[in-house]
Amino acid sequence: MAQDIQDIHNSASDAMAEGNTQKAIELYNEILTIQPTDEIALGQLMDLYFETDKFQYYLCRANYNVVNQKFEHAINDTKKALNIDPNSIDARVKLARLYRVANKNLKSIDEFNKIIELSPDLKEGYLELIDLYTIEDAKESAVGIARKAAEQFPDDIGFKNVVAKLYYDLGMYKEALDFVTDKNLKTKILLQDGQNEEAKAVLDTMNPQIKDEKAAYKLLLAEYFYNKDDFNASLEAVEDYIRLMGPNAVSFQMKALCYEGLGDEFMAAVNFGYMKKAQNKNDEAIVEFNHAHSLNREDKNVLIELANLYMNLGEKYTAMDFWNAVYELDGDSHAKQILGDFYFNEGDYAMAEKYGKVKEGKNLPDAQNKSYNEAEVEDEGLIEKIISFFTRK
């Protein structure tokens, strides 16, 4: 690929040397389709456009500034291009996206609104505008744009489902059901709206084949059984999901809710702990696991989780208290090693010895084999020799 680009560069240089400006422009633009950040091509195009096409010159200079992370300069260049051709959709989309990259979402929203007015058939304009309104927590505005898109593109079921999802997020389930076509989303809406049997009827029509579809189906089935207070069946469906996708925050949360329904406070707390841990909320995970520990002091897994969490938070001595509890529980060799290494590295050799970590030379069968709290006994004969040496005349 690098050689291909170099060959095009050579051809573009030859075209410029021959005075074939149009050919050179075509070749440098070809390079940018392959490697948009090629600064040499951008620089050459800027030179070529400077005298021939000021609109393209400013757009090219904007791209050059983007490559160099100078977004404000790129915005100003794009505005200059729009002053020359205010109806250019490409330039306006570039400006809208530059505003977004520069964290000026409201200005980006204004530009995308102009874009869909000027070019109502541009799907990307609607999608980016919906996304921006959602980021700005203006879901009602997002719904308005999504509905406009659904009307503009009546054969595109994707926009209908976007409208449905936005209504679902707003808790407007009746309105969501008026638009939804996706079976998974429809089942979610029905379950959230308490229409359990209607949801089950949709589930019964599903025939998932690939792993992700099967996993989504199992979660929906788990929610259906949970709504029906059949917590054991719900747990079984969650376990099926875990076998497909592995454990994650959603599966832990669902298990915790099921155990709450079954009245098992300990298992609910454990799974809420794993959920918080999966979300990287370690402080909250500690709260949940401590609650579980208060309900069952001898659960080894909870003790280990607390030991690791406290260690990760830098609370080393609290972590060792929990590792000690693990060791006291069943003489766990891993806990013993962790404790021995920790206290040895801390210089607390008496505690390290308790866990089998002995200072080098401690077990040698000679006079060096002393207890760590023993006073060192000096070699009196050696001291006399030294004194005699320094007092000789």
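Bear in mind the structure is a predicted one, so any value in this text is a computation, not a measurement. Computed over heavy atoms, backbone and side chain alike; hydrogens, waters and symmetry mates excluded.
- Side-chain atoms of W323 and I304, non-hydrogen and from C-beta on, do get closer than 4.5 Å to each other.
- By the criterion of side-chain heavy atoms lying less than 4.5 angstrom apart, applied directly or through intervening Ile, Leu, Val, Met, Phe, Trp or Tyr residues, Y133 is not grouped with I135; the two fall into different hydrophobic clusters.
- Contact record, V163 with R147: CG2-N, 3.7 Å, taken as the closest heavy-atom pair.
- Of the possible polar contacts, none joining the Y58 side chain to the N76 backbone as a donor-acceptor pair under 3.5 Å is found.
- Closest approach of S234 and A222 over heavy atoms only: OG-O, 2.7 Å.
- Ion pair K104/E111 not flagged as a salt bridge, since none of the NZ, NE, NH1 or NH2 atoms sits closer than 4.0 Å to an Asp/Glu carboxylate oxygen.
- Although no hydrogens or angles enter the test, the distance criterion places no donor-acceptor pair under 3.5 Å between the side chain of D53 and the main chain of Y49.
- Using a 4.0 Å cut-off between charged nitrogen and carboxylate oxygen, K186 and D182 do not count as a salt-bridge pair.
- Ionic pairing of E18 and K23 is not present here: no N-O contact between side-chain nitrogen and carboxylate oxygen is shorter than 4.0 angstrom.
- Within the 4.5 Å cutoff, the side chain of F272 has heavy atoms near those of the E260 side chain.
- Remark: the N271 side chain and the Q253 side chain contain no N/O donor-acceptor pair separated by less than 3.5 Å.
- The backbone N or O of K70 sits nowhere less than 3.5 Å from a side-chain atom of E72 that would complete a donor-acceptor pair.
- Each of D38, D14, D4 was scored for a side-chain hydrogen bond (donor to acceptor under 3.5 Å, both in side chains) with H9, with one residue passing: D38.
- Of the inter-residue distances, the one linking D299 atom CG with E305 atom CD reads 10.0 Å to the nearest 0.5 angstrom.
- For the 3.5 Å distance criterion, the side chains of D77 and N65 qualify, holding a donor opposite an acceptor.
- Follow the hydrophobic side-chain contacts under 4.5 Å out from L185 and you never reach M172; the two are in separate clusters.
- Closest non-hydrogen pair, R243 versus E236, comes out as NH2-O, 4.4 Å.
- The neighbour count for Q279 CD, taken as heavy atoms of other residues, nucleotides or ligands under 6.0 Å away, is above 12.
- Summarising the geometry of A62 relative to K94, their closest heavy-atom pair is CB-CD, 4.4 Å, with the distance given to 0.1 Å.
- Taking CG of N161 as the reference point, atom OG1 of T181 lies at 3.5 Å (rounded to 0.5 Å).
- Here the side chain of S88 pairs no donor or acceptor atom with the backbone of D85 at under 3.5 angstrom.
- Looking at every heavy atom in both residues, V302 comes nearest to A292 through CG2-CB, 4.3 Å.
- Judged purely by atom type and a 3.5 angstrom limit, N68 uses its side chain to pair as donor or acceptor with the backbone of Y64.
- Side-chain N/O atoms of Y355 and N324 include a donor and acceptor closer than 3.5 Å.
- Within 6.0 Å of CD1 in I157 there are 12 or fewer heavy atoms belonging to other residues, nucleotides or ligands.
- In the model, E39 has no side-chain atom that pairs as donor or acceptor with a side-chain atom of T37 under 3.5 Å.
- Using cut-offs of 30° and 60° on the angle between ring planes, the pair H293 and F322 is perpendicular.
- Of the residues Y168, F179, Y167, the one that meets the side chain to side chain contact (heavy atoms under 4.5 Å, CB included) test with I189 is Y168.
- Looking at N227, its side chain never comes within 3.5 Å of a backbone N or O of N196 through a donor-acceptor pair.
- A distance below 6.0 Å separates the ring centres of Y274 and F252.
- Through side-chain heavy atoms spaced under 4.5 Å, either directly or across other Ile, Leu, Val, Met, Phe, Trp or Tyr residues, I40 is tied to no other residue.
- R92 places a side-chain N or O within donor-acceptor distance of the main-chain N or O of P86, the cut-off being under 3.5 Å.
- Between Y349 and Y343, the distance separating the two ring centers is not shorter than 6.0 angstrom.
- Tracing side-chain contacts under 4.5 Å through hydrophobic residues (I, L, V, M, F, W, Y), one never reaches Y241 starting from Y224; they form parts of separate clusters.
- In summary, the side chains of E284 and N282 do not present any donor paired with an acceptor at a separation below 3.5 Å, with no hydrogens or angles considered.
- Atom CG of N207 sits about 9.5 Å away from atom OH of Y217, to the nearest 0.5 Å.
- Here the two rings, on F225 and F231, have centers that are 6.0 Å apart or farther.
- Separation of atoms CG (D193) and NZ (K188) is listed at 15.5 Å; rounding is to 0.5 Å.
- Minimum interatomic distance between Y259 and A268 (heavy atoms only, all atoms of both residues): CB-N, 3.7 Å.
- Judged purely by atom type and a 3.5 angstrom limit, S251 has no side-chain atom pairing as donor or acceptor with the backbone of I242.
- Salt bridge status for K277 with E288: absent, with no side-chain N to carboxylate O gap under 4.0 Å.
- Looking only at side-chain heavy atoms (C-beta outward), K300 and V326 come within less than 4.5 Å of each other.
- Between I109 atom CD1 and K114 atom NZ the span is 13.0 Å, to the nearest 0.5 Å.
- Transitive grouping of hydrophobic side chains (ILVMFWY, heavy atoms separated by less than 4.5 Å) keeps L170 and Y173 in distinct clusters.
- Residue L191 holds its CG atom at 10.0 Å from CD of E198, rounded to the nearest 0.5 Å.
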Worked check of side chain to side chain donor-acceptor pair (under 3.5 Å) between T134 and K139: CA-CA 5 Å; T134 303; K139 285 194 173 70; over 6 Å; no
